[in-house]
Each structure stands twice: as structure tokens, then as C-alpha cells.
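For reference, the structure is listed below as C-alpha cells.
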Amino acid sequence: MKQKIKLILEDGTSLEGKSFAAEKPVSGEVVFNTAMTGYPESLTDPSYKGQILVLTYPLIGNYGAPRTEMENNLNKFHESGNIHISGLIVSDYSFEYSHWNAEDSLGNWLKKNNIPGIYGIDTRALTKKLREKGTMLGKIIVDKNIPFYDPNTKNLVEEVSIKKKQIYGTGKYKILLIDCGVKYNIIRSLLERDTTIIRVPWDYDITGEEYDGLFISNGPGDPKQCLATIGNIQKAFDIEKPVFGICLGNQLMALASGADTYKLKYGHRSHNQPVIRTGSNKAYITSQNHGFAVDNKTLSNDWEPLFTNINDETNEGMIHKSKPFFSTQFHPEASGGPTDTAFLFDKFIEMISKNKKVVLV
Amino acid sequence: MIKTGKISKVLLLGSGALKIGEAGEFDYSGSQALKALREENIETVLINPNIATVQTSEKVAGKIYFLPITPYFVEEVIKKEKPDGILLAFGGQTALNCGIDLYKNGVLEKHNVRVLGTPIQSIMDTEDRDLFIKKLTEINVLTPRSIAVSKVKDAILAAESLGYPIIIRSAYSLGGQGSAFCKDKEELHEMASRAFSYSGQILVEESLKGWKEVEYEVVRDGYDNCITVCNMENFDPLGIHTGESIVVAPSQTLTNTEYHKLRELSIKVIRHIGIIGECNIQYALDPNSEEYRVIEVNARLSRSSALASKATGYPLAFIAAKLGVGYGLHELKNSITKTTTAFFEPALDYIVCKIPRWDLNKFDGVSHLIGSSMKSVGEVMSIGRTFEEAIQKGLRMIGQGMHGFVGNRIAGFKNINDELAQPTDMRIFVIAEALEKKFSINKIHELTKIDKWFLYKLKNIIHLKEELTNYNSIKELPVDTLQEAKILGFSDFQLARFVLKSKDDKIANDLITVREYRKSKGIVPAVKQIDTLAAEYPAQTNYLYLTYSGTEHDIDYSGLKKSVIVLGSGAYRIGSSVEFDWCGVNALDTIKQSSYQSVMINYNPETVSTDYDICDRLYFDELSLERVLDIIELEAPEGVIVSTGGQIPNNLAIRLYEQNVKILGTSPLSIDRAENRHKFSSMLDSIRVDQPRWKELTSTGDIHGFVEKIGFPVLVRPSYVLSGAAMNVVSNKDELGHFLEMASHVSRQYPVVVSEFIENAKEIEIDAVAGSGEIIAYAISEHVEFAGVHSGDATMIFPPQKIYFETIRRIKRITRQIAKELDISGPFNIQFLAKDNDIKVIECNLRASRSMPFVSKVLKTNLIELATRVMLGEKVEKPHKSIFDLDYVGIKAPQFSFSRLQKADPILGVDMSSTGEVGCIGEDFYEGILKSMLSVGYSVPQKAVLLSTGEPRSKLEMITSARELNKKGYKLYATRGTQKFLETNEIDAEVAYWPDEKDFPNTIDLIRNKKVDLVINIPKNLSKSELENDYSIRRNAVDFNVPLITNARLASAFILAFCKLDMADIAIKSWDEYQTL
């Protein structure tokens, strides 16, 4: 019989399931994602730092854990150097897996990283609770109780950001990448386009760096925690070299430009978020994972919305009216998720090569 | 919205009769498209001779033509109706092919009819294999290496350059017809010759047997916005037609990169081809790398798109129709949530499993192997939150007596290795047996190439089953294990079988014991919504399923209005298909107009009744006693309607009644009196109604004795159908001996029923509605064929044209007596034999019958609506209409799918073998016959007819029509006996030699070389060589696509019809133009 294990939420809900990974108590914020594929990508996404992840797709572990293979000093099948989630909650775990690229089961992979995993939970009922609450703290308990912990009170970006500068590739265009918890596929997407990446910590003083284009990465938590990054971005805006931001990067650029961010009633946590190029009929399916959004009403006169979410009409990106600065709330690098907007990386390179604003869509 | 010019009237082509490869899914897609157009206030005109469909109903389509979907008739309708646009993507391959012909002939241009949605050129680019490959190569998308050829000789050359094994495919294929694997030159020669009889071009292609088969449903609007609504993974690897495969959605063994690589390719392809609307794209994916090939693109709605719509809740056909009139996806709403956008890719939080249903046992001689061409006649979709739950549910839904993956009474398979390597319709159960016999997963994988993930999951079921058998009472069973069993999809029946070791006669009670115990432990299923977004946002949806992987219902049952539950008809099968869907939908419509909420339970993804917007709550779930009780306990309905869904709900009636469920309408006790042969028979005796003599017998001696008394021929039916001896008419001792040999199981437990068989008797049916035993409305129809042809295979005439008034009077009297005796409240059907004025009752069903939509539409009185109102307790007035008021004739004709069923003898008998039907309206009998025969694929011969007319009586039957053929200048060929008979009657005919003779002209050559364009072959005596010769003629006619008729009365009727009438004589009239007096 499998070890019984509990998930306890701050509202008092207690759910019992069975363990398929490390039998260790953890606390964190409980979040969900509705993607139907891509659990290895999610687990290693630094944006999930401090979070206990609930997968709404019920059958998990089917294709195991991908093998380790390095390419350009990056693990080819992961989104960062390690697993970032604190715990994993699923409905039906597949103890046996089948895939040519797998080297282990998901359970063992988690176990090796000392991360607990629970199956046998009504993840749909749990998700309904989470979506209504906005932010929900929770803890996984095996036998001994532990206190709740709110990761949002910490500067999570600091925890996941690189500690010192690192360089990747030898391409033509030099890109300074501010790492707030960057996903590897962003680096891969840029490297594929003839670039050299200078990856620097979130609070790195960029004034001394030479670059052709600046990239602000995704990352965990409340953007307002990243004051140092915001200050850096303001400086970069003065330099007027092309700037591209993704997810947290979008929010940080908004804050740097004087706009405001807020917490969404219903966060976007899926691979099927519809966005439209604001003011056009061009629509894309995007991968998203965020609880904060840029408030379009607060955009300064120099900026305009770039993309809008078709469902809730929230901001999905912004663009400077004259300068080569733009950002998206969604993830053009996908991984996991749809690749519809990968062309934005091409546009960023085009801006760099011309050193001016170009038409994006 | 893109401005596309004025569209005020649109013509939609349906798909005609249900056939293998083209079934109910097109009723669903057509109905959705018509609904989408109606919302836009666009006038709609529908051509579809399939009268039993929902789409051919008053409120669905504007004008309806029950005419053949052929270029001639469509052009005639276009001339008359002058539509602005035409939709070709909603009627399957039939509509698409017809549309391409109309385009090529310039008909559409001539009449200014715009093709809405995907342009014709794009369709042709996907249909012509050569163009298709060229098109995909332009954008560096890989397709299987292949060579298009138009001669057998070139096919062989091509195969040599690619290397065997190869697969051949024919262009414009329909459900994989004309596609086959060939391992060597001999096989290729045979298959290629056959394929060329359907198509001028075939493709010789590298074989990718064993690769994963994955499909995407892709949508594109006029702004070039694209989405993939769903992907699906075949459990069975490439090599087994997707219509023959178990399919799951979403894919289970694909990683994120694989999933999105194929998704990205789908969008690239759809853009390049220029689809506007929906298409299906099929991939082969290497199980050991990310190598892929695009196998095919279907530029139309398909079986898969219907499945994807049901699997996700995203109404593909509805959206495709809207895109066709100029909308962008982002301008439309998600029909489930009503608030979010249609530019959206559903997120599922469950797994669906589609399982095909085969009815191969219905056919003599057919091969049970499954492969690259489709043989299944229907399918089910099950929903669960574990694969084990979904597949076990699905295997029960199939409705062939299986209880899930395990726990079935199947005689052992002879050679499991062979059965695994060469799959048949039983393959899933072979896997079960292999696992039980401890075959390793690797070994099974090697033999089947099924991904190990699926096999591991199946093994979980076997493991748990083994654990269950360790216990002997339900109370010993640990609650956790019981819970686990339910999560893995075990039914209470399976639990009773494994734990209680229940005997067959006790299990009905024992499963209730299991149920009560499990409820006492709080182990009950949870009701979950299908909301397209996996609970990310709140959504009000009424599309529901039940699962044991859940602790909370999505529905709050408190404060709901009282509901009435309608039980659906399950998987389409031979004998039960779209007609019961029409009945179910009409029952729901009627309930909606009352003060009750309407609830449907059904699991067939091809239907309209499983469209969530036709009722207040849809439970897409099992129609088992267990599941229906689960739902009843939650709904606490006013009552349940069991009489509109065919035999499945009818069989549940008495068991539900025993569980104190309120059944609306006729009492289940009466249903039992009609269903139970003994009870029914003694009831008929007591009200002095005649019936053919019959007896249920338990020994061969008794059988011979009884037959001696009543005389040959007799109708024999074993109660144990798995024995291979189906119901049959036997006309002599030899045949009876042969039958009894096959039915080796004759015993007290497996009796055989022997009934008197009356030759040359007319078969007459009455469909009626009664309230408290009093007839409210009725429709009497007669068969063209004499009794002996199953009523589902017979050609039906309504109102009857050739029966005595006295006969009608007697039939009405008997019907009245029976309705009164059984206190019928609701729909029913009685079948009679009439010879002279002697009337015998042969069958009585206290439920809606197959012919209910046909007679309702011809009579223009909706019998189901009346029946439902009766069942709801409303006061129903008798309609003031009678069959004598009809100034026209309705003809219902069967559609056969023998061409798909390799080696099956295309012959008609007491067991049903048609897969669908049409119903046409004619000014008179002959016009009706001609329309309906043309609608089921016959054509008027141009040159010559081959006659082989069997026994003397059918020879006589054919005299007049043969003479007419002569008069019309047709060349007649006849087999020796027939030729002689014709000669003595002064009818010119040339002798055609039997297949086993060497002389010329030989019957087979005439057929293969298309020297004849109609074959009449009437089966006769049963001597071996005659049998084989006749079989050979019939089978060749089917394989080489020459129209074949095997019944003398039908052949006569058809011949007289086309001899009397020219095409120009056929009235192009819509349904509403046929007025009652």
C-alpha cells in the first residue's frame, strides 16, 4: 500500500492522497496549470519557485522524465538547472512510463530532487477552489505538521536568478539578458538566431555592459519586489537600444515606464490563452503562467498595448510608440505550449539589426 | 467579419444513407451547420435522402429534398432554389465528391453558386494524392514516400522501387476503401486491380506499419487565424484504419515537443492548403524519434471531427459553418462557456476513449481481420479520469455483452501470438487474455506495436482483478481496494463476478448487493463538467460525465426543476442507428416544451442527442443499470423514458422498475409481456390473435419432431448467439442438420426456437402511439419483399399500395386489441405476416421502431412527439389525418456496405445486414422506388443486365420486368437456366457461363470488364457448386462496383421503375411541397 499523504490548505481544506515521490513535508503557495503536456518543462520553470503545482490534466508521468543531455551548457530537455516547484499534485500518476527519450520515471526524478508528489486528489475540485481564492497557501504533510509559508513575502527572483554573469554562444548580436528566472528555451530561441547571450543577475548593474539588445526574462512572484531590475530597465530605456521582455519582463518594463501592475482575479495558467494583436484581427494561442498583469489604463502616453487577451481583455504585452521596446505577457518561447508567437524573436533580432522599431505583426 | 457578398440562401449537401465509413457523424455536423446558418438568418436548403436523420427535420433545415446526392439531382435543386452559396464539408465524402463534380462540370459557376468555406481547389489538393504530396513538399512537410500510378503494371514497378511491404491507397477514398497493405507482388496485383475499379488513380506508398498514429483537428478562419482544437492518439498503431482503432484524446504518450511540433506542422499545412473552416490531419510518428509523416488531410468535417467535438465540447461543425460565412474565430463565442472566445484550444481534464463497434458476426464469410480499411459500423466514446476507467467503460458501452476489459465469458483464443500479430475485431480481449496468461509487456508490444504505456495501464486492470479474486465476500474486501477498483473502472457486475464469484443466474441480484455495500461506504461517482478549460475559469455547462476519480460534484442538485430522463440508443450498430437518435432528440424537444427539464444519457459521439445544447443536462455516460441508477439517484427525476432509444433502454426497463424507478409510459410489466416470447404468445392466444406456430426446444430430437409436424421451411434461432449459428431459415433436413451441428450448444440452458416459416407472405408493419391502451395515431406500411427478408433490410412502402382493405381493417383491429391488452401508453410497433387475408403477428415492440421517423415524416405527424406527450401525462388529441389522405408514396430503402466487408456474401436473410437507409417521397410507387434506389447508390443501367434468377417462382416474378428490359433495348445476359426460361417466354438473352465454367462470355468477365451494369442474382437451391457460383457472382459484383440486387420482387420493381420513367420524369420537389389532402 502506498504511503498516504495530505495536502492541507490555508482555508482548512484537507485532502488525502498517496505519495509517488519524496515523502517530505513542504509549504508553499498552491497553484495550478491546465496544460495537457509538458510537466518536465513546468517542473523546471523558475517561475514556479516556492509553489506547489497542481496539474489539472489527470494522467501524469506517462512519458517519464527526459534524459539528461547538455547543449550550449544548457540541459536540452529542461527549462533550468533544477526543479523549482516545491511539490506536485496530480490525480492519476503513471508508475510506469514509456518514451524513447525518458531515462527515469517522474516519481524517481522528483524523489532524487527530494520533492514530494501526491496522486489520488480530485484536482478539478481543488482547482476550482484555487481559482476563486486567488492566492492559496498550502502544505504537504506526511506525518509531522509544519507551518504555512508564503513565498510571495520573499524576493523569489533573487533566489532563482543567476548569481554571476555567464556567456552563451558566439553569435553576431550581443544580447544582454537580465535573468529574473529565465527559462532555457528563451536562451535557446535567441541562440538559434545568431546571438551571443550575456546572462546577468536580476540586480546586475548594466551600465558597464555593451550590448545590441536587452532582454528581460520571466520569473516568479510579484514584479514590485524587483526594484533593482526596474531601475536598470529605466536606464536601458534611455540608451534606446532594442528591449524585449517576456512575462515578468513585461510587468517590469511596465513598472519602469510608469505604468502599474495588479493581481488578476483569475490568473492565466495554461497553454491555451488566446491573445490578439491589439486593434487587428490577428490572433494567437499562447502559453501563460501569471497571476499579475499590467494595467492598460495606466500605460503612459509613449506606450500602447501590443496584445490583448481575448477572453478577459487584460494586457498581454505593450510596445513603445516610437522606440524599439516591446514586451509580451505570454511566452513566445513556449516550452511547454504552442509555438505560434516564436516569430517575435525574429522581430527582436530585426530590431537589433536595424536598431529601430519594426512592425511586429 | 469578412465581407463576402450577399449570402441569403445556402444549399447544404448531406451524406445520404449511413454506411460503413460514413455514418451518423454527418447528421451531427450537418445539423450543427444548419443551426449556425439559422442564427445568421440565412435560408437553408438541404439535400439528403436519409429521412431518419435529425437534420432532415422541420425546424432544423429550411427546405428539405429527399433526393439522391448526385450531380444531376443537386443541379436540378440548384436550378429550382437558386442558392447563393453551397456547403460541401458537412456531408462526408459523398457531399465532397459531388461538389467536386459540380465544380468541374461548371455547374456551380453557371448558376452563380459560391462554395463557402474551404475553396474547391484546396479540397482537390488534399484529395488527389499527387497534388497533395506536391503541395506539402512545397513547404518541406514530409509525407510517406510514394508514387501515384494509374495502371496495375506501374503499381508493381513503383512497389519495386519503394520495397515491400507497401500500402496502396486510392484517391477520393471513403473510410479507407481501396487501401490495403500488400506484402508481395501477388497481393499488390489483386488489390490494385480492385482499387482501380473505384478510382482511376492509386498511390503506392512506403509502409509505416508500427508507427504511432496521431490526428489533429485544425481550424482556420478567413483572417488566417488558426487553432488545433484537439489531438488524438490511436491506441492501435499505424496500419489499422483510424475508424478501426481505439483512439484516445488527448494524446497520452507524446511529450510537449512532439505534441507541439505536430501542432505547428498542422497549422503550417492548413495555411498552405488554404482551408477555411475545419480539417483533420493524420500523422505517423516514429515511436523512437521525432520523425513524422503526414498521412492525410481531410478538408471536411469527419468522423474524427465529430469525435473531437464531443471529446472537447468544442462544436467544430458549428464553428466551421460560421467561418464559411465570413466570421473570424475571435469574433465568435465558445459555445460551452458562452463568455470566452471560440479562438481557443480546449484544455481537457479527463481522457476520452473511442472504441469501434463491429458487427462482423452478422455476415457470412467475412474476414474478421482489421486493417487499413474500415469495417466497423459504429463507435462509442467513454470519458474518465484514468485510462483504465475510460477503457473499461468503453468496452461495456460497445454493447456486445462485454463487462469491461476483464470478466467476460470469451472462449479462449486458439493462438494468442497470431491473434496479437494479426488483429481481429477481438484484439483488445486477446490482449486481456495474453496478460492473464502472463505474456510480458515487451512481448505484447512486439507483436502488436501498441505503445507500452497503454499496455502497462491494461496490466493494472489485470492486477487488480487478480487481487479482487482473493476475496470471497464484499465485506472482506478492503475499502481502499474497492475504491481503487472503481477508479480503475470496474463495474459492480465485475466486482460481483470476481469477489462474490456470482453464478450467471444470481449476478443480477449480487451486483445490487455490491452497489448497496459500496454506497454504505460512501464510494459513489462524482459528476464532472466538460467545460473546455479544465476549471481555469467558472463555466456554466450542462455537459457531464461521471467518474470515481473525484470527490465533489460540479452540479448543485438542490433547487433544480424536476427532470425527465431520456435514455439514448448507444453505439450505432446494424439494426439500431440514427433513427433512434431522431426519436431521442424529438422526445427531448417535447420535454423541453413541458414544465420539466430534459436530461439525456447516451455515449455515442456520432449523434445529435449527445450534443449538449439539445437538452438541459447531458450525461455522456454508460447506459448500464449501475450508471443509470447513479444518475437517477442524483437527478431524482419525475420519470424515465425508455421507449425512444431502441433495444438498450427497452432491456433496462424491467430492471429499473425492480429498483423502484418510475418508468414513464407503458408499464415495464407490459414490456416484459411483449418481450418474453412465452408470455407474449399466450397473450395472443388469449385474445385470439393468430401467430406462426413455434416452440422453444432443448434437444435435437424434439427439434426434428416439431419440424416434422409443421413442415419445412422453418425459422430457427439459437439463444446462444456466440455459437456461430445465427438465426436462419432452413428448408430441408440437410440444412437443419447443418444448423444443429453449428449450434452445438442446444441444451436446456441454450434452447433453440423453431417457428413455422410462411413463404410468399407479405410483411406489414404498424407504427403507432397509444394512450392508456387506446390508439391515438398509427401508420401502416408494407414491404416490397416477401417475408424472410429482415424488416430492416426490406424496402418499405408507406402508405401501402397493394394490400386489401380487409387486411388493413384486420391489422387495425388486432393492433387495437394488443394495445388494450398491454395497456400501452407510448410508441409501439407490430409486424404482421399476411397471406391472402390471413394475418399473423410475428413481433411486437413496445417502443419506438426503426421506421418511426420515416412514417412520421411521410405522414407529417410526429409520432414521437405525440408519444412523449402521452408519457408526460398530457392529454393528447387524435390527429385528424389518415393514410388515405396522402397523395404521394414514401419508400424506405436499405443501404448495404458489402463493398467494405471483404468476402462477405451480399445476400439478404432473416438477420439484418444493412447499415443504413433512405426514405424518399414519390408521386407514385415507381417514382418513389426509383428515387430511393438511386439514393442508395444504384444507377440506371446504360447497356446490359446480367440475370440469374434462381428458383422458378422468382423466375416467374421477373418475366414482366425482363420483357421490359428487352423492349427498352437492354442487352440481357443470363445464366443457363434463366436464359432457357427467358427464351421459352420469348425474351432475348445471351447465355453467360457460370464462374466455374471455362466458356465465354463468362459471368465473372462480364462483371469485371463492366460489360454489364446491373446484376440480378437471386439465390436459389443450396447445392454446393451452385452456392459457390452464386456467391462468386454476387461478390464480384460488389468488389467491382456493379450494382447488385438479390431479391426478385425488388429487382422487378426497380426495373419497371427505370423502364417507365426517365430521369426527367422525376419530380424535384421539397418535402413541404408534398401536401396532404
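Labels below follow one simple rule: chain letters A, B, ... track the order of the sequence lines, proteins then strands, and each chain is numbered from 1. Every heavy atom of this structure was used, including side-chain atoms; hydrogens, water molecules and symmetry mates were not.
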>> Run the salt bridge (Lys or Arg N to Asp or Glu O under 4.0 Å) test on Lys457(B) and Asp92(A) for me, step by step, so that the C-alpha distance in whole Å, both residues' side-chain angles and the decisive distance to 0.1 Å come before the verdict.
In response: CA-CA 11 Å; Lys457(B) 290 281 171 183; Asp92(A) 180 34; 3.4 Å; yes
> Can you check side chain to side chain contact (heavy atoms under 4.5 Å, CB included) on Ser94(A) and Trp453(B), steps first, answer last?
Replying inline: CA-CA 9 Å; Ser94(A) 198; Trp453(B) 182 82; 2.9 Å; yes
>> What verdict does the side chain to side chain contact (heavy atoms under 4.5 Å, CB included) test give for Thr255(B) and Phe77(A), after you've listed the backbone C-alpha separation in whole Å, the side-chain angles of each residue and the deciding distance to 0.1 Å?
In response: CA-CA 11 Å; Thr255(B) 60; Phe77(A) 304 106; over 6 Å; no
> Going through the checks in order, is the side chain to side chain contact (heavy atoms under 4.5 Å, CB included) test met by Ile227(B) and Ile285(A)?
Replying inline: CA-CA 7 Å; Ile227(B) 53 169; Ile285(A) 299 289; 3.7 Å; yes
>> Run the side chain to side chain donor-acceptor pair (under 3.5 Å) test on Thr339(A) and Arg263(B) for me, step by step, so that the C-alpha distance in whole Å, both residues' side-chain angles and the decisive distance to 0.1 Å come before the verdict.
In response: CA-CA 9 Å; Thr339(A) 51; Arg263(B) 178 188 174 277; 4.7 Å; no
>> Before you tell me yes or no, could you show the steps for Glu552(B) and Lys128(A) under salt bridge (Lys or Arg N to Asp or Glu O under 4.0 Å), namely the whole-Å CA-CA distance, both residues' side-chain angles and the distance that decides it to 0.1 Å?
In response: CA-CA 11 Å; Glu552(B) 181 187 287; Lys128(A) 282 165 71 184; 3.7 Å; yes
> Could you walk me through whether Lys528(B) and Asp122(A) pass the side chain to side chain contact (heavy atoms under 4.5 Å, CB included) check?
Replying inline: CA-CA 11 Å; Lys528(B) 298 289 185 191; Asp122(A) 184 343; 2.6 Å; yes
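Of the two parts of Glu258(B), only the side chain, counted from C-beta on, holds a non-hydrogen atom closer than 4.5 Å to a non-hydrogen atom of chain A. Within the 4.5 angstrom heavy-atom criterion, only side-chain atoms of Glu388(B), from C-beta onward, approach chain A. Interface remark: Ile276(A) contributes side-chain atoms only to the contact with chain B (heavy atom separation under 4.5 Å). At a 4.5 Å heavy-atom cutoff, the contact between Leu254(B) and chain A is made by backbone atoms alone. Heavy atoms of Tyr350(B) lying under 4.5 Å from chain A belong exclusively to its backbone. Heavy atoms closer than 4.5 Å to chain A are found nowhere in Pro478(B), neither backbone nor side chain. Proximity to chain B (any heavy atom under 4.5 Å) is shown, for Arg124(A), by both the backbone and the side chain. Residue Glu290(B) touches chain A through both its backbone and its side chain, counting heavy-atom pairs closer than 4.5 Å. With a 4.5 Å cut-off on non-hydrogen atoms, Tyr119(A) does not touch chain B at all. Glu41(A) touches chain B through its side chain: at least one heavy atom from C-beta onward sits under 4.5 Å away, while N, CA, C and O do not. Heavy atoms of Tyr223(B) lying under 4.5 Å from chain A belong to its backbone as well as its side chain. With a threshold of 4.5 angstrom between heavy atoms, Asp554(B) approaches chain A through its backbone and through its side chain. Only the side chain of Ile267(B) comes within contact range of chain A, judged by heavy atoms closer than 4.5 Å.
Taking 4.5 Å as the limit, some side-chain heavy atom of Phe387(B) sits within range of a side-chain heavy atom of Leu59(A). Counting only heavy atoms from C-beta outward, the side chains of Met36(A) and Tyr259(B) approach each other to under 4.5 Å. With contacts defined as side-chain heavy-atom distances shorter than 4.5 Å, the pair Asp340(A)/Glu264(B) does not qualify. A 4.5 Å side-chain heavy-atom check between Thr37(A) and His260(B) finds at least one atom pair inside the cut-off. Counting heavy atoms from C-beta on, the side chains of Phe454(B) and Ser98(A) never come closer than 4.5 Å. Thr551(B) places none of its side-chain heavy atoms less than 4.5 Å from the side chain of Glu16(A). Side-chain contact between Phe32(A) and Glu536(B): present, with at least one pair of heavy atoms (C-beta onward) separated by less than 4.5 Å.
Looking only at heavy-atom pairs under 4.5 Å with chain B, the residue among Ala35(A), Gly38(A), Pro338(A), Ala125(A) that has the most is Pro338(A). Taking Ala535(B), Pro287(B), Cys226(B) one by one and counting their heavy-atom pairs under 4.5 Å with chain A, the maximum is reached by Ala535(B). Highest contact tally toward chain A, considering only Ile351(B), Leu348(B), Thr386(B), is held by Leu348(B) [criterion: heavy-atom pairs under 4.5 Å].
Among all heavy-atom pairs drawn from Ser335(A) and Asn256(B), the shortest one is CA-ND2, 3.8 Å. Nearest approach of Ile310(A) to Phe343(B), heavy atoms of both residues: CD1-CD2, 3.8 Å.
Residue Asn62(A) holds its CG atom at 9.0 Å from OG of Ser251(B), rounded to the nearest 0.5 Å. To the nearest 0.5 Å, the span separating CG on Asn101(A) from OG1 on Thr257(B) amounts to 7.5 Å. Annotation: the span from Lys282(A) atom NZ to Asp224(B) atom CG amounts to 4.5 Å, rounded to 0.5 Å. Rounded to the nearest 0.5 Å, atoms CD (Gln252(B)) and OH (Tyr57(A)) are 4.0 Å apart.
Gln273(A) and Glu345(B) are not linked by any side-chain donor-acceptor pair at a separation below 3.5 angstrom, with hydrogens and angles left out of the test. At a cut-off of 3.5 Å, with distance as the only test, no side-chain donor of Thr341(B) or Asn311(A) sits close to an acceptor on the other residue. In this model, no donor atom of one side chain and acceptor atom of the other lie less than 3.5 Å apart for Ser289(B) and Trp100(A).
Heavy-atom contacts from other residues, nucleotides or ligands closer than 6.0 Å to CD of Glu313(A) number 12 or fewer. The 12-atom threshold is exceeded at NZ of Lys261(B), counting heavy atoms of other residues, nucleotides or ligands nearer than 6.0 Å.
The main-chain N or O of Phe344(B) is never found under 3.5 Å from a side-chain atom of Asn272(A) such that the two would form a donor-acceptor pair. Judged by distance alone, with hydrogens and angles left aside, the side-chain atoms of Asn225(B) form a donor-acceptor pair with the main-chain N or O of Asn281(A) at under 3.5 Å. In this structure a side-chain-to-backbone donor-acceptor pair under 3.5 Å is present from Arg131(A) to Tyr537(B).
Residues of residues 330-339 of chain B that come within less than 4.5 angstrom of chain A, heavy atom to heavy atom, are His330(B), Glu331(B) in numerical order.
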